[in-house]
Amino acid sequence: MSGYRLPAGGRVNRAAPLDFTFDGRAHSGFAGDSLASALVASGQMLFGRSFKYHRPRGILGMGTEEPNALVTVDRGGAGPGWGRRTPNLRAPSVPLYQGLTAQSQNRYPSLKFDLGAVNDRLGAFFPAGFYNKTFMWPRSAWEKLYEPAIRRMAGLGASPTERDPDHYDATYAHCEVLVVGGGLAGIDAALAAAADGGRVILIDEQDELGGGALSDQALWGEVADKTMALRRLGNVMVLTRTTAFGYYHQNFVGAVEQLTDHLAPAQASGARERLWRIRAGEVILAQGAIERPLVFDGNDVPGVMLSSAGRALAVRYGVAVGRAVAVMAVHDSGWRDALALKAAGVNVVAVIDLRGEVAADLVAAVRGAGIAVHLGHAVTQVAGRHGVSGVTFAPGGTGQGQQLAVDALLMAGGWTPTVHLWSHAKGSLRWDDTWGAYLPDVAQENCRAVGAGAGAWDMGAGLALGTLPGPKPIWQTKAFVDFQNDVKARDIDLAVREGMRSIEHIKRYTTNGMATDQGKTSNLNGLQIASGSLSKPVTDIGLTTFRPPYTPQTFGALMGHHKDALFQPIRKTVIDGWADARGAVFENVAQWRRARYFPQGGEDMHAAVARECLAVRQQVGMFDASTLGKIEVVGPDAAEFLNRMYTNPWKALAPGRCRYGLLLREDGFITDDGVSARLAPDRFHLTTTTGGAARVLAMMEDYLQTEWSDLDVWLTSTTEQWAVIAVQGPLARAVIAPLVEGIDLAPGAFPHMAIREGTICGVPTRLFRVSFTGELGYEVNVPAEHGRMVWEAIHASGQAHGITPYGTETMHVLRAEKGYVIVGQDTDGTLTPDDAGMAWAVGTKKPDFVGKRSLARPDMSAPGRKQLVGLLTEDPQEVLEEGAQIVADPDQPVPMTMLGHVTSSYHSATLGRSIAMAVIADGRARDGQVIHVPMPGRTIRARVSASTVFYDPQGSRLDV
Amino acid sequence: MLLIHCPYCEEDRPEVEFVYGGEAHIARPLDPATLSDEEWEHYLYIRRNPRGRHHERWRHTHGCGRFFNAVRDTVSDRFEQTYKAGEPRK
Amino acid sequence: MSDVLAIPALAVAGTDLALEAQAVTASGVALTLEAPASRWSLRARTAQALSGVIGRAVPARIGETLDGIACLGPDEWLADLPAGTALPDGAGQPVSVVDISARGVVIRVEGAGAATVLSSGCPLDLDRFAVGRATRTVFETVEVILWRESATVFRVFVWRSFAPWLWHALKAAERG
Amino acid sequence: MMRFSGLNLIAQAFSGHQSWPEQWPDKAPKAAYDVIIVGAGGHGLGAAYYLAAKYGITNVAVIEKGWLGGGNTGRNTTIIRSNYLYDESAHLYDHAVKLWDGLSQELNYNVMYSKRGVLMLAHNVHDIQSFKRHIHANRLNGVDNEWLSPEECQAYCPPLDISPNARHPVLGGALQRRGGTARHDSVAWGYARKATALGVDIIQNCAVTGIRRGPDGAVLGVETERGFIGAKKIGVSAAGNTSVVMNMAGLQFPLESYPLQALVSEPVKPIFPCVVMSNTVHAYISQSDKGELVIGAGTDQYTSYSQRGAFHIIEHTLAAICEIFPIFTRMRMLRTWGGIVDVTPDRSPILGKTPVQGLYVNCGWGTGGFKATPGAADLLAHTIAHDAPHAINAPFTLDRFRNGRMIDEAAAAAVAH
């Protein structure tokens with residue numbers, strides 16, 4: 001026997017030794033071990049430090065309930081800045097692999113000698129809720145002294161600080177029956193369900209099926225046979241190392257499968273974890289039950305653990321939990337465990353049971369195995385700090401004590417059925433006195449519980465206790481309920497004394513059940529203790545709600561595919577690659593990326609934009625406008641429909657002509673705009689803003705389908721059907737003329753605000769003669785697949801005319817020089833058409849349109865509304881900051897009365913000065929007035945212009 | 001993720017294909033100009049927001065594209081039924 | 001390990017996902033980009049009304065397909081016809097015929113694991129999605145039209161600008 | 001009321017903490033009160049406290065259908081800030097921030113108000129324009145808010161990824177240094193303790209089932225599971241359940257109730273020093289004093305009272321968090337939960353009188369009610385005491401939905417190009 005490894009037995013592969021380190025010390029174990037079993041086998045009983053008092057702790061359980069033995073596992077990096085460190089892993093759930101590197105947590109400088117343990121000595125000053133009562137004086141010390149100190153104490157392990165080289169997979173799955181839990185109850189349920197022929201998925205969190213049966217050698221054969229039977233069925237999918245963590249509406253269950261963390265890093269390839277999003281016809285929960293610790297003075301000394309953990313170590317892993325082991329039971333299962341340990345070769349010296357009477361066959365069997373029996377007794381004291389060195393027990397817990405030299409103590413406090421997923425799905429629970437726990441009652445979904453989780457498993461009989469009886473008053477004991485959060489029985493008692501009467505308050509006040517195990521071992525004990533303190537039945541105190549996840553789940557798995565480049569689609573036009581190759585600087589607009597400007601020879605944005613602007617004004621520029629939203633509106637009632645949607649009239653628009661459309665929400669505020677064309681009596685080509693495309697289409701569909709379903713008209717998104725190339729500038733016609741066929745470009749034949757169909761570069765085009773620059777301009781629409789070719793052809797044709805590609809920033813400046821509004825920049829969701837100076841776009845004779853009635857509300861036309869105006873700074877070289885606020889009196893005290901703000905502001909190379917637009921209260925009436933823009937440390941003066949048009953107010957450059 | 005029966009597709013489909021459309025059976029007044037400010041406020045903003053049985057609109061946006069109505073319990077989130085737009089309130 | 005290097009590279013590429021001509025997913029399913037075709041969005045109140053205008057039979061039930069035309073909704077059809085096919089535009093009729101040939105691309109997902117790869121992001125039960133069916137749905141947050149050509153071939157219609165993201169998301173699907 | 005202090009804590013320690021009194025007594029309802037507050041969250045308990053402490057009205061009951069602080073007060077991500085755009089909002093929220101400062105001392109209860117700063121990230125040109133607009137407006141309103149470059153953002157919040165290759169690169173941020181967090185439960189408990197010490201009754205597990213009105217229409221009191229309780233005035237502070245309570249008085253409100261989820265990670269050592277919000281990526285995160293990363297998710301799309309949301313909301317939230325903070329992909333989600341948020345058409349609250357005489361309301365805080373707790377509570381108390389709103393809450397009336405004078409912060413940040 002090396003260390004605590006039993007000479008034989010267990011499910012580990014003794015032919016496959018594995019080396020690993022814990023806190024830098026080398027250990028070895030076997031394939032099939034967990035980190036916990038391998039460490040215990042090496043004689044390591046101290047695993048970590050508790051959260052608040054830094055008390056030394058060993059393992060409590062050998063499953064997902066483990067609150068104490070949390071470690072950090074480092075799987076190595078992949079170069080500088082990349083790392084695979086994971087904190088707070090439960091050692092019993094960490095499968096051992098060759099080279100595993102684990103560290104203990106929440107201790108400094110070492111696990112054995114931890115300075116933080118001073119908290120334990122001072123524990124009397126840190127009862128539940130202590131932080132509410134202190135750290136308030138002097139007031140300034142909270143920020144400077146107390147809070148920083150509290151924050152430094154926070155946390156268990158350390159967060160990763162490097163990027164994660166691993167990636168994560170996700171999938172949906174569907175089945176007729178989903179079974180959660182692969183113990184014998186779950187296996188049987190899956191076999192039965194499979195017989196119906198439907199798809200069955202069986203999920204289990206461990207690396208092999210069997211659940212509790214893995215700790216019972218007598219059942220191994222049955223588990224093996226049935227597992228084989230399952231694997232042979234074509235309609236059953238078995239997912240091991242997979243945790244069903246959440247049960248959502250209509251049998252939607254989330255689960256995470258561990259794919260590589262059980263392998264040595266060198267053997268691991270592919271995704272680290274996979275998220276399963278499962279929709280099941282029926283869900284069968286077979287989650288089993290978790291053993292309850294007993295609450296008594298000293299129950300947290302390393303070496304005191306759940307009886308089931310001692311059994312799992314012995315039977316499943318072939319590890320003795322100690323050289324001399326005692327069992328403190330209030331439940332039959334402890335007796336059975338004692339026999340199992342003995343059979344596995346562990347020296348069990350005594351079974352102590354608080355009950356005066358225990359089933360005679362158990363007593364006889366235990367006595368027969370040479371184990372001392374002490375009925376009607378309870379452990380009253382545990383000796384040792386970093387490990388158990390002995391226990392004292394006494395009749396009734398209060399009588400004359402006797403000592404027992406043991407180095408491990410197993411607690412058999414009864415069983416808590418695992419009803420987490422049941423509760424996620426809003427299934428109701430009922431209290432069961434024999435289990436001393438809540439059991440599933442009425443399901444809200446097509447779901448049932450089986451096995452121990454349903455209370456349908458023979459775990460034996462026992463008591464349900466708050467605390468073991470002991471010689472000391474509760475407030476003098478260190479009897480732990482929530483081990484990780486250091487919640488003691490006396491904390492719960494204190495909470496009750498301070499007026500916390502609901503279990504929710506007790507939980508929040510003491511933090512009982514709020515540790516990383518989410519109360520799997522503490523909830524029921526806490527409830528029983530509160531029940532005692534309040535002298536009320538458990539059922540009157542309530543139960544805290546179980547919420548997903550059942551066990552903690554990696555952010556990475558839950559984000560699935562959406563990592564790095566796959567986080568969100570970035571939409572690019574067909575011309576994007578051309579711009580990218582020419583060094584364009586891009587900006588994100590809604591989901592799109594758009595070229596913002598095309599710097600040349602080290603230009604900054606200012607210089608590039610000035611050059612691009614002048615080129616458009618003097619020669620010609622080209623611009624990728626493909627991101628504009630487009631909707632094709634077709635049907636006999638198309639014009640009628642648009643007439644109802646937009647503020648302006650549409651019925652009289654002739655085919656071949658365009659119109660600017662302004663769209664309001666029903667509350668009267670501007671939501672979108674765009675130039676649209678009538679292609680035929682029953683066919684329109686609408687444009688929307690880039691960011692508004694989806695919103696406008698959805699809004700129009702809503703009105704069409706639910707208000708005006710009698711109209712014969714249909715909407716089709718054509719945003720991505722058409723690439724759009726704006727060719728703008730006095731030479732625009734000359735640039736496109738050689739490429740266009742079938743369209744008479746002469747001004748008389750093809751005037752401003754018209755559309756023609758023909759071909760360009762041999763491909764079909766919808767050619768708009770429109771301008772967002774104030775210059776002669778065309779917007780060339782071609783099927784997207786030809787967009788790049790046509791763009792390059794126009795660029796080539798334009799070389800003779802000095803054509804200049806420009807981006808969104810230049811587009812913004814050019815349109816601002818003309819006073820054209822950008823919806824979303826110069827307007828926000830609070831401006832009416834009149835506010836935006838666009839009363840001209842409202843068809844006053846129309847009886848109705850979307851938003852019209854709202855414009856008649858009292859406040860929508862009240863004096864003092866903010867109106868869009870132009871602003872010219874007194875210093876022509878001063879460019880106001882967009883978003884800067886405007887006041888009438890810069891000398892007033894703070895808080896100042898603000899009149900409005902700057903919406904758009906640029907240096908205009910064309911005008912040789914700055915220009916700006918602003919929304920200002922009663923702005924148009926302030927024409928010519930000086931207003932002030934207070935900036936930090938100085939104030940800028942500017943003059944209001946009721947008109948926002950700074951360039952070519954007659955529009956003469958358009959009509960050429 | 002809810003599972004929603006689309007009355008047009010005649011199938012249960014996942015919630016992510018649908019867009020919620022707010023309370024159902026609030027018809028846009030035929031002649032808004034004749035409404036008082038209070039009546040117009042009621043149309044625009046006032047909602048029953050019941051705890052329990054709720055008539056609501058959904059659109060199978062990423063499916064058949066149609067708006068339809070549903071009756072759902074807002075406490076359990078369970079759908080009682082769904083029905084096509086234009087059918088009377090259930 | 002190649003995947004360790006690949007993922008950071010993808011992150012740096014960040015905004016630069018591009019379509020290759022052909023790709024294979026981690027689980028061995030082939031992805032190809034189909035050649036352009038003639039595609040229309042067709043709308044009418046009934047199948048008969050539409051059929052009368054375009055001179056072709058169209059399926060009447062949502063989800064059914066017939067000779068390159070899929071019924072997507074009670075008033076909506078997708079026509080996916082050989083390149084160069086012409087359809088009447090239905091002028092003056094209570095129908096809508098809109099050319100969307102260039103609006104999107106079709107990613108062909110082919111192989112024994114095709115349904116599995118698609119299930120990585122599509123929430124529909126593809127085991128129950130019969131050959132010959134078509135429907136609009138989503139792959140994660142991206143809208144697609146799924147058309148099952150055979151047990152092992154799905155055609156995924158997606159708007160052009162979403163195609164690179166979808167292509168790489170499919171390529172990344174690990175489940176085999 | 002026993003005074004809380006470090007000295008007292010030490011003294012109590014030597015007697016085993018046996019003598020701490022109840023923080024608030026459990027009261028049976030009296031036949032009638034001057035004022036009844038419906039809803040014992042931070043807002044309702046605070047209103048009761050200010051009624052007693054500032055306005056001398058102590059014959060007050062707070063009636064709660066569950067346990068005090070069990071609604072949105074105990075379910076939010078505890079972000080406190082006041083850097084709102086409009087004067088009305090900035091004054092409202094800054095009133096609250098001023099009360100947060102000193103609340104621990106005022107209540108003799110440490111609510112752990114932590115001025116660690118709230119950093120809002122700008123990811124595109126539109127964000128920059130919008131944030132600059134906020135910053136300038138805040139400055140002229142006397143509310144602190146400052147612009148940080150991407151490098152300054154990272155210096156303030158080291159885990160932040162400011163790589164220009166990110167899908168939504170960080171172009172800068174707006175930092176309100178006075179912003180931060182507080183301990184949510186302590187706020188409710190602190191108000192409850194101090195209010196009861198001043199004579200307020202807190203009646204828990206007592207659902208209001210009706211509001212009784214007299215022949216003149218004015219309120220007479222509330223029907224409850226434990227019988228009728230008379231009241232001259234009733235203040236409703238019922239968050240997601242406001243529509244239900246208002247229906248009892250015959251009123252229909254411009255409100256809809258949506259599920260809102262939040263989550264925490266396992267606790268880790270200090271790594272995240274401030275609060276970061278990104279509206280573009282939809283991520284909200286801070287680290288609690290216990291070490292958990294506290295993360296706010298989005299609302300579900302449909303109305304619901306189930307206090308339960310969909311899983312895909314969580315998927316999107318964590319993807320967003322990991323996009324901005326890629327080092328957190330190996331962190332693990334410990335607990336998720338849901339609340340019910342009541343949302344008005346302009347996403348600003350309704351705080352003031354109702355058309356029913358004697359009935360007052362404080363609702364519509366949507367996802368942002370916690371930060372306003374002391375301010376809203378004080379203003380509700382003021383409005384009840386004077387039967388008239390304070391100047392700060394005067395704009396937040398119901399009328400605005402009739403006359404169109406909305407206070408729409410979200411619309412002001414409209415995105416379109």
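FYI, side chains are in, hydrogens and waters are out, and symmetry mates aren't considered; it's all heavy atoms of this structure.
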A.B. asks: Kindly say whether the aromatic ring centers of Tyr113(D) and Trp142(A) come within a distance under 6.0 Å.
C.D. replies: no
A.B. asks: Counting only heavy atoms closer than 4.5 Å, note whether Asp87(D) contacts chain A via side chain, backbone, both or neither.
C.D. replies: side chain
A.B. asks: Where does Ser163(D) contact chain A at under 4.5 Å (heavy atoms): side chain, backbone, both or neither?
C.D. replies: neither
A.B. asks: Quick one: do the Ser186(D) and Asn132(A) side chains pair a donor with an acceptor below 3.5 Å?
C.D. replies: yes
A.B. asks: Using non-hydrogen atoms only, which part of Leu103(D) is less than 4.5 Å away from chain A: side chain, backbone, both, or neither?
C.D. replies: neither
A.B. asks: Which region of Asp161(D), side chain (C-beta onward) or backbone (N, CA, C, O), has a non-hydrogen atom less than 4.5 Å from a non-hydrogen atom of chain A, or is it both or neither?
C.D. replies: side chain
A.B. asks: A cation-pi test, strictly: NZ or CZ of Lys133(A) under 6.0 Å from the centre of the six-membered ring of Trp20(D) and no more than 45 degrees from its axis. Yes or no?
C.D. replies: yes
A.B. asks: For Pro87(A), does its backbone N or O pair with a side-chain atom of Arg332(D) as donor and acceptor, under 3.5 Å?
C.D. replies: no
A.B. asks: Could you tell me whether a side-chain N or O of His505(A) sits under 3.5 Å from a main-chain N or O of Leu68(D), the two making a donor and an acceptor?
C.D. replies: yes
A.B. asks: Give the intermediate values and the outcome of side chain to side chain contact (heavy atoms under 4.5 Å, CB included) for residues Arg75(A) and Arg330(D).
C.D. replies: CA-CA 12 Å; Arg75(A) 291 176 61 82; Arg330(D) 295 179 90 85; 4.1 Å; yes
A.B. asks: Answer yes or no: is there an ion pair linking Arg400(D) with Asp859(A), defined by an N-O contact shorter than 4.0 Å?
C.D. replies: no
A.B. asks: With only heavy atoms counted, which part of Phe325(D) is less than 4.5 Å from chain A, the side chain, the backbone, both or neither?
C.D. replies: neither
A.B. asks: Examine whether an atom of Pro21(D) lies under 4.5 Å from a heavy atom of chain A, and if so say whether it belongs to the side chain, the backbone or both; otherwise answer neither.
C.D. replies: backbone
A.B. asks: Any heavy-atom pair between the side chains of Pro159(D) and Thr161(A) that's under 4.5 Å?
C.D. replies: no
A.B. asks: List the steps, then state whether side chain to side chain contact (heavy atoms under 4.5 Å, CB included) holds for Glu22(D) with Glu498(A).
C.D. replies: CA-CA 4 Å; Glu22(D) 284 188 331; Glu498(A) 290 199 75; over 6 Å; no
A.B. asks: With a 4.5 angstrom heavy-atom cut-off, could you sort out which part of Asn138(D) is near chain A: side chain, backbone, both or neither?
C.D. replies: neither
A.B. asks: For the interface with chain D, which of Arg139(A), Arg277(A), Lys52(A) has the highest count of heavy-atom pairs at distances below 4.5 Å?
C.D. replies: Arg139(A)
A.B. asks: Salt bridge or not between Glu143(A) and Lys115(D)? Use side-chain N to carboxylate O under 4.0 Å.
C.D. replies: yes
A.B. asks: Does one side chain, of Thr516(A) or Glu266(D), offer a donor that lies under 3.5 Å from an acceptor on the other?
C.D. replies: no
A.B. asks: Is Arg508(A) reaching over with its side chain to a backbone N or O of Gly74(D), donor-acceptor style, under 3.5 angstrom?
C.D. replies: yes
A.B. asks: Donor-acceptor pair, Ser502(A) side chain versus Trp67(D) backbone, under 3.5 Å?
C.D. replies: no
A.B. asks: I want to check something: taking the side chain as every heavy atom from C-beta on, are Val268(D) and Asn88(A) in contact at a cut-off of under 4.5 Å?
C.D. replies: yes
A.B. asks: Taking only Lys NZ, Arg NE, NH1 and NH2, and the carboxylate oxygens of Asp or Glu, determine whether Arg133(D) and Glu882(A) approach each other closer than 4.0 Å.
C.D. replies: no
A.B. asks: Need one label for Gln18(D): side chain, backbone, both or neither, based on atoms under 4.5 Å from any heavy atom in chain A.
C.D. replies: both
A.B. asks: Got a donor-acceptor contact below 3.5 angstrom from the His134(D) side chain to the Gly883(A) backbone?
C.D. replies: no
A.B. asks: Give, as side chain, backbone, both or neither, the part of Leu156(A) having an atom under 4.5 angstrom from any heavy atom of chain D.
C.D. replies: both
A.B. asks: Tell me whether Asp828(A) contacts the main-chain N or O of Ala411(D) through its side chain, where contact means a donor paired with an acceptor under 3.5 Å.
C.D. replies: no
A.B. asks: Report the residues that fulfil ring-ring contact (aromatic ring centres under 6.0 Å, His included) with Tyr248(A), sequence neighbours left out, ordered by chain and then residue number.
C.D. replies: Phe311(D)
A.B. asks: Any non-hydrogen side-chain atom of Phe135(A) less than 4.5 Å from a side-chain atom of Met112(D)?
C.D. replies: no
A.B. asks: Sorted by first residue and then second, give each salt bridge (Lys or Arg N to Asp or Glu O under 4.0 Å) pair with at least one member in residues 317-327 of chain D; sequence neighbours left out.
C.D. replies: none
A.B. asks: By a 4.5 Å heavy-atom criterion (distance strictly below it), what part of Ile271(D) contacts chain A: side chain, backbone, both, or neither?
C.D. replies: side chain
A.B. asks: Quick one, Arg308(D) and His249(A) - any side-chain contact, counting heavy atoms below 4.5 Å?
C.D. replies: yes
A.B. asks: Could Asp564(A) and Arg167(D) be called an ion pair, given the rule that one side-chain N must be under 4.0 Å from one carboxylate O?
C.D. replies: no
A.B. asks: Is it true that Asp289(D) and Arg152(A) have a side-chain N and a carboxylate O under 4.0 angstrom from each other?
C.D. replies: no
